[in-house]
*Asks:* 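Supplied in structure tokens, the structure appears directly below.
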Amino acid sequence: MMEKYNFEDIERKWQEEWHASGAHRVREDADGEKYYALAMFPYPSGRLHMGHVRNYSIVDVLARYKKMQGYNVLHPIGWDAFGLPAENAAIKNQMPPAQWTYSNIEHMRGQLQRLGLSYDWDREVTTCRPEYYRWTQWIFLELYKQGLVYRREANVNWCPSCATVLANEQAEGGVCERCEASVELRSLEQWFLKITEYSEQLLNDLEKLRGWPEKVKTMQRNWIGRSEGVRVEFEIEADTDMRGVSAETGTRIAVFTTRVDTLFGVSYLVLAPEHPLVEELVRETPYERDVAAFVQRFKGVNEQARTADDVEKEGMFIGRCGINPLSGERVPIWIANYVLLQYGTGAVMGVPAHDSRDFAFATKYGLDIRCVILEPGKELGEGQGRQGVREAYCGEGKMIHSGRFSGMESGEAKDAMADELEGLGRGIRQVNYRLRDWLISRQRYWGAPIPMVLCPKCGDVPVPEEQLPVLLPEDIEFKQGENPIKSSPSFGEAVCPCCGGKARRETDTMDTFMCSSWYFLRYCDPRNEGAAFARDKTAYWMNVDQYVGGVEHAIMHLLYARFLVKALRDCGHVGVDEPFENLLTQGMVCKDYLRDDGRTVVVKMSKKLGNVVSPEDIVSRFGADTARLFILFAAPPERDLEWNDHGVEGCYRFLNRVWRLVLEVRDSGFGASNSHEPVSHESADYALSALDGDTRKVLQRIHATIKKVTHDVGTRFNFNTAISAVMELVNELYLYKKDISPLKDSGLESGSEKLQGRVAREAGSAVLIQGIRTVLVLLAPFVPHIAEELWQVMGQVKDISSLNKAGSPEARDSLNVGSSKGSTPQTSIFAEKWPRYREDCLEEEEVMIVFQVNGKVRDRLLLPAEVARSEGELRECVSELPRVQQLMGGKTVVKTIVVPGKLVNIVVK
RNA sequence: GCGAGUGUGGCGGAACUGGCAGACGCGCUGGUCUUAGGAACCAGUCCUUCGGGGUGCAGGUUCGAUUCCUGUCACUCGCACCA
């Protein structure tokens, strides 16, 4: 009676074995080529979800595969452990965030280990531990030294009832997610990193990232938002009263435009309501009161709400006029909600005829709409009023009504007008970025404290390096409201490192993105107590060869990490420009969900909807190997994956099938142990050509599978098709095994026939065993436990090794997957070399050729390979095909296309 | 709005540089075995009026299009203080 596939015992056994032998520990090795496989580290939310399982399974396959290929593989894991949920849990459960976090990590670490992921646990990193955040603080100070850190007032979402700062997501619709009070913008002192100083580099270096999905690069490009244009200055009309305008702010309004060619179409100027000039321009004018009221209305509204699609454009005239620097025309100055202070100069020129936003605004307020660019192929009547213009034309065209620029192409005019403005000192070519500086301060407890001291005498003073880490206080009271860190009686008090006087300690903590922007560097040297990382360690391991994670991190995390690496490079701490060589963005794990309206839809698994499947449940019912196999088989990694319980069962069935195949082979006398008398040397020395057709076919399939799986795993990351190829091989081995079963030996043949038969059978057995070994090795990265177990079983099957004599030692090596070298039950399958396929084994004896008439398949023929490859012979074949001849009857052959080895297409009329 | 992506059986998905559409798996149908259920195994499974027709829809390029081009429709995702 064959033992059952007992995944529980097997998985436990091998996990213990790997742990005991330190199978996944890794260190720098000058001889080996390194490979750094990295999954985005998890937030310790409590338990793993299927998205984690998918992410880590993908990376584990790559890590194990590369290792079998002989690479020195770094495959680490850690915890992105700071963040708001821990604080919320602290308030709810009256438990310190640290305790909540560490117990979550404890549980999730167990879950990861249960999945058999090949992490080097000695390198585990936890961002909320002082040993780690000490270096996060150090990095902050390094940036500070470089002048990349500054503090200024900035608007934050503030909930007056909770007395706290909210993230945008917590303030959706302008309402606090917890108490539903309406959120206001509050101006507070905030810490920023000058990421904008790197805008150009962050944009340009995207070119270097050949291994990144185009989609992510496009998102980053848009995010950085480079635009070339001209900063144009409009003089404020001289004959108006200038009382309010100070010398510093000047008497001009600067606007930024990418369409300087439309300058003659300007019919008004608009300032953002918060623009510093506004107040001065209206001071002591009849407009002062109304403008103040208007500005007040928009002060409390956050930008997101103000710029949303459905928000009506609103504005008002402020009683002043500007002068168009090229046309000399007077244009009224307005303020409006659709102009943002943060972008460009906080002011725009209104060109209703050629900008759809301006068009909407001008239409609403009855402002002039002047057409200055003619859409190609269209004509414009006399009179450039509002009549006839139904929508803004935003394209290029011929210049009209633009003084001496009329008649030019708009592209030409752009240059000419920019030149002229520059000559007049009224404009300058400028590049603008949408990217803004990174606000890293959080008025929260559970984060790395910003290592600064605010001294009344010396100002902002960095904490000296030797005083790091600035530890999070533990004498904290957790309750709804203000930053809990302020409840510590001692934390806020500090001695100024500069003057020794009494000072205040900064109580803001850092954005958790800061912690996760350098963890991949720490993995290279995780226990270093004297530095964040040693330069030679990062020099060896960096860059990350393959980074895998959800596309939700396409912008922020990946941009911040790129920025920090560049900044650290400029501080002399790392030698690379970019951290992540190749990036794979995996899709979401979805499941069907019955909506209220009775329709079933497939959406992302979420607790809220209740369509989740717990990894723990699947692992305990089917095992880690099945869970991994299914999640890799159900869809290619970058696509969304639909969870299907039946599909999981299918994968479980497949593993059982592999299990039985191996055990049956072990038990039913395949292999040399079955021989009653030794097969003579000569008869055992098979040449490939001496193998019978079926055996050759199986051998061919084995090598074709090696080729496909290697390509699918190593190059395409299409694990689903790799797995299906192995399934096909298993199906074929099953059929083949039945054919050559030793039980078929009737013993009725004559002596020589018997010998011949046995020789053939032994060749068959050898190929079968080789096939099974191949299956196990190819499956090992996906389902490591069962592969390891069955590899051990195969160690008990004696190898005939007859095929060893079929070629050179190298060829032998690749032909006999992991046989030879006296494979013993003690040898791990992961010590095996990843197999290489043999070209000569791939060649098929017969090839299926398709015959088409006018592009439609009419016949197929299985032809010997030489015939199939010969164009001449294929042409001849056609005349022998009755079906083709019949369809050609009475018609003239126009031409015949022959694709050797594939098809023949006859075009007839 | 701006930007990106995806549309193939009952379902998840294959088809790599244009060359047999539907690999592999699920589900379903019939059978073998079984007291029965399950498991396992075997056969079948796009539609069809048997001519042929089929890859969201309409065109185009080509001997030949799921693949390339143009237009169109539908859906999905991203767009600044959660992680």
Side-chain angles (χ1 to χ4, degrees), chain A residues 42-45 80 82-86 88 154-157 165-171 177 190 213-219 221-223 225 303-304 307-310 342 356-357 434-444 511-513 516 550-557 559 587-588 592 602-603 630 633-636 638-651 653-654 656-657 660 708 711-712 715-716 718 720-728 731 734 738 848-857 859-860 894-897 899 901-908:
Chain A
Y43 177 77
S45 56
D80 186 13
F82 274 134
L84 202 55
N88 290 337
N155 285 333
V156 290
N157 293 312
V165 173
L166 299 174
N168 268 353
E169 286 80 353
Q170 297 171 306
E177 93 182 339
Q190 302 288 326
E214 243 358 276
K215 180 184 175 181
V216 173
K217 288 195 276 186
T218 309
M219 281 164 81
R221 248 176 234 124
N222 295 338
W223 192 259
E303 189 179 301
Q304 211 179 351
T307 52
D309 265 358
D310 46 350
Q342 291 85 347
S356 48
R357 291 159 302 182
R434 206 173 359 250
L435 185 68
R436 295 184 209 162
D437 278 336
W438 175 13
L439 196 171
I440 59 152
S441 47
R442 300 287 180 274
Q443 293 70 45
R444 293 272 115 218
D511 181 2
T512 58
F513 276 117
S516 59
V551 73
E552 66 273 19
H553 295 111
I555 298 176
M556 291 202 276
H557 164 61
L559 193 67
M588 296 182 297
D592 53 339
V602 177
V603 291
F630 170 73
F633 178 62
E638 56 297 332
R639 253 207 257 184
D640 285 353
L641 177 153
E642 187 184 330
W643 188 269
N644 178 321
D645 290 333
H646 292 298
V648 180
E649 284 163 34
C651 287
R653 269 207 290 271
F654 170 68
N656 271 288
R657 222 163 120 74
R660 285 194 309 271
K708 178 159 176 61
H711 186 236
D712 284 355
T715 314
R716 297 202 316 154
N718 278 13
N720 55 332
T721 51
I723 293 165
S724 77
V726 179
M727 286 172 167
E728 284 178 82
N731 290 344
Y734 253 102
K738 222 168 37 180
M848 181 73 81
I849 298 295
V850 170
F851 292 87
Q852 302 179 323
V853 175
N854 288 342
K856 293 205 171 96
V857 181
D859 211 346
R860 342 183 138 147
V894 180
K895 64 169 144 175
T896 307
I897 289 118
V899 183
K902 280 204 173 130
L903 61 80
V904 179
N905 185 17
I906 300 153
V907 188
V908 296

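Treat the numbers as computed from the prediction; the structure is a model and nothing was measured. Proteins get letters first, then strands, A, B, ... in listed order; numbering begins at 1 in each.
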*Asks:* For residues A:Phe654 and A:Phe633, determine if any side-chain heavy atom of one lies less than 4.5 Å from a side-chain heavy atom of the other.
*Replies:* no
*Asks:* Check every strand shown and say whether A:Lys708 touches a base, only sugar-phosphate, or nothing at a heavy-atom separation below 4.0 Å.
*Replies:*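 Touches a base.
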*Asks:* Over all strands shown, is A:Phe633 touching base, sugar-phosphate only, or nothing at heavy-atom distances under 4.0 angstrom?
*Replies:* base
*Asks:* For B:A15, which nucleotide is its Watson-Crick or G-U wobble mate, given both distances must be under 3.5 Å?
*Replies:* none
*Asks:* For A:Pro42, answer base if it contacts any base atom (sugar-phosphate contacts may also be present), sugar-phosphate if it contacts only those atoms, and nothing otherwise; contact means non-hydrogen atoms under 4.0 Å.
*Replies:* nothing
*Asks:* Touch check for A:Arg221, heavy atoms < 4.0 angstrom, all strands: base, sugar-phosphate only, or nothing?
*Replies:*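 No contact.
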*Asks:* Across the strands shown, which category fits A:Ser356 at heavy-atom distances under 4.0 angstrom: base, sugar-phosphate, nothing?
*Replies:*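 Nothing, no nucleic acid heavy atom in range.
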*Asks:* Can you tell me how far C1' of B:U76 sits from CZ of A:Arg639, to the nearest Å?
*Replies:* 13 Å
*Asks:* Looking at A:Thr512, does any N or O in its side chain come under 4.0 Å of the phosphate oxygens OP1/OP2 on B:A83?
*Replies:*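 For B:A83, OP1 or OP2 has a side-chain N or O of A:Thr512 closer than 4.0 Å.
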*Asks:* Answer with base, sugar-phosphate or nothing: what part of the nucleic acid does A:Arg657 contact at a heavy-atom distance below 4.0 Å?
*Replies:*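 If one applies the 4.0 Å heavy-atom cut-off, A:Arg657 turns out to touch the sugar-phosphate alone, with no base involved.
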*Asks:* With a cut-off of 6.0 Å (strictly less than), are more than 12 heavy atoms of other residues, nucleotides or ligands near CZ of A:Arg660?
*Replies:*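 Count over threshold, so yes.
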*Asks:* Among B:C24, B:G19, B:G3, which nucleotide sits nearest the side chain of A:Thr218?
*Replies:* B:G3
*Asks:* Tell me whether the side-chain N/O atoms of A:Arg716 come closer than 4.0 Å to OP1 or OP2 in B:A15.
*Replies:*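 Yes, such a contact exists.
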*Asks:* Determine, step by step, whether A:Val904 and A:Ile897 satisfy the side-chain contact (heavy atoms from CB on, under 4.5 Å) criterion, reporting the C-alpha distance in whole Å, the side-chain angles of both residues, the deciding distance to 0.1 Å, and the verdict.
*Replies:* CA-CA 6 Å; A:Val904 179; A:Ile897 289 118; over 6 Å; no
*Asks:* Using a cut-off of less than 4.0 Å, is there contact between a side-chain N or O of A:Arg442 and OP1 or OP2 of B:A83?
*Replies:*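 Checking B:A83 against A:Arg442, no side-chain N or O comes under 4.0 Å of OP1 or OP2.
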*Asks:* Measuring to OP1 and OP2 of B:G25, would you say a side-chain N or O of A:Asn731 lies under 4.0 angstrom away?
*Replies:*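 Yes, such a contact exists.
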*Asks:* For the residue pair A:Phe630 and A:Trp643, does the interplanar ring angle fall in the parallel (under 30°), tilted (30 to 60°) or perpendicular (over 60°) class?
*Replies:*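 Perpendicular, since the angle between the ring planes exceeds 60°.
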*Asks:* Any base atoms under 4.0 Å from A:His711, or only sugar-phosphate, or nothing? Heavy atoms, all strands.
*Replies:* base
*Asks:* May I ask you to evaluate whether A:Lys902 reaches the phosphate of B:G19, defined as a side-chain N or O under 4.0 Å from OP1 or OP2?
*Replies:* no
*Asks:* Base, sugar-phosphate, or nothing for A:Ile555, non-hydrogen atoms under 4.0 angstrom?
*Replies:*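 If one applies the 4.0 Å heavy-atom cut-off, A:Ile555 turns out to touch the sugar-phosphate alone, with no base involved.
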*Asks:* Below 3.5 Å, does any donor atom in the side chain of A:Gln852 face an acceptor in the base of B:G19, or the other way round?
*Replies:* yes
*Asks:* What nucleic acid atoms does A:Asn905 come within less than 4.0 Å of, heavy atoms only: base, sugar-phosphate, or nothing?
*Replies:*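 The answer is base, as A:Asn905 lies within the cut-off (heavy atoms under 4.0 Å) of a base atom.
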*Asks:* Students often get this wrong, so: under 4.0 angstrom with heavy atoms, is A:Asp712 touching a base, only sugar-phosphate, or nothing?
*Replies:*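 Touches nothing.
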*Asks:* Contact class for A:Asn656 vs. all strands (heavy atom < 4.0 Å): base, sugar-phosphate, or nothing?
*Replies:*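 If one applies the 4.0 Å heavy-atom cut-off, A:Asn656 turns out to touch nothing in the nucleic acid.
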